[in-house]
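See structure below.
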Amino acid sequence: QVQLVESGGGLVQAGGSLRLSCAASGRTFSRYTMGWFRQAPGKEREFVAAISWSGSSTVYADSVKGRFTISRDNAKNTVYLQMNSLKPEDTAVYYCAADGGLPISRSLGAYDYWGQGTQVTVSS
């Protein structure tokens, strides 16, 4: 069982930056692929980024590639999402999720555990 708690969301102007954190409970955090997803009002939840258990592999959605960076610190049971050059279309609730399987997946259905989400709002 893994419990996930996101933090770091907020209101930022276009072009600004935010860093999201996701703290995980449980001793097996380092065994999980971790992902970030987002859901804008009236839209389906979509994949943003994911990182392998070791941190050696990362995958990004095309819409955030080059602007967002996912990382993890297994000693702190935490995964991060550094978001730079934010755009109004990045406005959404951001969720972190844990996937006990392999390989890294972009699919919501592959992830077993989810956090409650943190709101990111980018003003123009």
Side-chain angles (χ1 to χ4, degrees):
Q1 189 81 7
V2 177
Q3 293 183 328
L4 305 171
V5 179
E6 302 96 335
S7 61
L11 174 64
V12 63
Q13 289 188 333
S17 298
L18 282 175
R19 187 175 83 154
L20 305 183
S21 299
C22 174
S25 65
R27 294 175 292 177
T28 59
F29 171 77
S30 61
R31 299 181 186 177
Y32 286 86
T33 292
M34 297 299 296
W36 285 97
F37 293 77
R38 66 186 182 186
Q39 188 167 17
K43 295 187 176 181
E44 294 185 349
R45 194 170 300 188
E46 64 177 5
F47 172 78
V48 175
I51 187 167
S52 63
W53 66 271
S54 66
S56 61
S57 297
T58 56
V59 177
Y60 295 93
D62 288 344
S63 58
V64 306
K65 199 173 296 183
R67 299 188 299 122
F68 291 11
T69 302
I70 188 171
S71 62
R72 67 189 296 162
D73 185 338
N74 287 342
K76 296 183 178 180
N77 280 12
T78 302
V79 62
Y80 305 97
L81 186 67
Q82 178 66 44
M83 305 186 294
N84 298 329
S85 302
L86 283 160
K87 304 175 181 180
E89 52 263 44
D90 294 318
T91 295
V93 177
Y94 283 71
Y95 299 89
C96 73
D99 172 14
L102 291 171
I104 295 178
S105 176
R106 298 170 182 256
S107 173
L108 275 72
Y111 288 79
D112 304 307
Y113 303 102
W114 292 82
Q116 83 290 347
T118 185
Q119 176 71 48
V120 171
T121 303
V122 184
S123 63
S124 58

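Residues take their numbers from the sequence shown, with the count starting at 1. Predicted model only: the values in this text are computed from it and were never measured.
The structure places CG of Leu20 at 10.5 Å from CD1 of Ile70, a figure rounded to the nearest 0.5 Å. Between the CD atom of Gln13 and the OG atom of Ser123 there is a distance of 5.0 Å, given to the nearest 0.5 Å. To the nearest 0.5 angstrom, Glu44 atom CD is 14.0 Å from Arg38 atom CZ. Distance check, rounded to the nearest 0.5 Å: CD1 of Ile104 to CH2 of Trp53 gives 12.0 Å. Once rounded to the nearest 0.5 Å, the distance linking CD1 of Ile51 with CG of Asp99 reads 13.5 Å. Atom CZ of Phe29 is separated from atom SG of Cys22 by 7.0 Å, given to the nearest 0.5 angstrom.
Between the side chain of Thr91 and the backbone N or O of Val122 there is at least one donor-acceptor pair closer than 3.5 Å. Side chain of Thr78 to main chain of Lys76: a donor-acceptor pair is present (N/O by atom type, distance under 3.5 Å, no hydrogens or angles). The backbone N or O of Gly9 lies less than 3.5 Å from a partner atom in the side chain of Thr118, making a donor-acceptor pair. Ser52 places a side-chain N or O within 3.5 Å of a backbone atom of Ser57 that can act as its donor or acceptor partner. Between the side chain of Asn74 and the main chain of Arg31, no donor-acceptor pair closer than 3.5 Å is present. Side chain of Gln3 to backbone of Ser25: no donor-acceptor contact under 3.5 angstrom is found. The main-chain N or O of Gly10 is never found under 3.5 Å from a side-chain atom of Gln119 such that the two would form a donor-acceptor pair. Panel note: side chain Tyr111, backbone Ser105; a donor-acceptor pair is recorded below 3.5 Å.
Follow the hydrophobic side-chain contacts under 4.5 Å out from Trp36 and you reach Val64 in the same cluster. Residues Val59 and Val79 fall into different hydrophobic clusters, defined by Ile, Leu, Val, Met, Phe, Trp and Tyr side chains chained together at heavy-atom separations under 4.5 Å. Each of Tyr60 and Tyr95 belongs to its own hydrophobic cluster when Ile, Leu, Val, Met, Phe, Trp and Tyr are linked at side-chain heavy-atom distances under 4.5 angstrom. If you chain together hydrophobic residues whose side chains sit under 4.5 Å apart, Leu81 and Val12 fall into the same group. One hydrophobic cluster, built from ILVMFWY side chains closer than 4.5 Å, holds both Val48 and Leu18.
Taking every heavy atom of both residues into account, Ala50 and Thr33 meet most closely at CB-CG2, 4.5 Å. Listed here is the closest heavy atom pair of Ala98 and Met34: CB-SD, 3.6 Å. In terms of heavy-atom proximity, Arg72 sits nearest to Tyr32 at NH1-O, 2.7 Å. Between Val2 and Ala24, the closest heavy-atom pair is CG1-CB, 4.1 Å. In this structure, Val5 and Gln116 approach most closely via the heavy-atom pair CA-OE1, 3.8 Å. For Ala97 against Leu4, the heavy-atom pair with the smallest separation is CA-CD1, 3.7 Å.
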Report task. Would you sort out whether Asn84 and Ser17 count as a side chain to side chain donor-acceptor pair (under 3.5 Å), showing the intermediate values? Result -> CA-CA 4 Å; Asn84 298 329; Ser17 298; 2.9 Å; yes
Requested in this report: Please step through side chain to side chain contact (heavy atoms under 4.5 Å, CB included) for the pair Tyr80 and Thr69, ending with a clear verdict.
Outcome: CA-CA 8 Å; Tyr80 305 97; Thr69 302; over 6 Å; no
Report task. Determine, stepwise, if the pair Asp62 / Lys65 fulfils salt bridge (charged side-chain N to carboxylate O under 4.0 Å, His left out). Result -> CA-CA 5 Å; Asp62 288 344; Lys65 199 173 296 183; 3.2 Å; yes
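Taking the six-membered ring for Trp and the full ring otherwise, Trp114 and Phe37 have centroids separated by under 6.0 Å.
Residues Thr28 and Gln1 are not in side-chain contact: their nearest non-hydrogen atoms beyond the backbone lie 4.5 Å or more apart.
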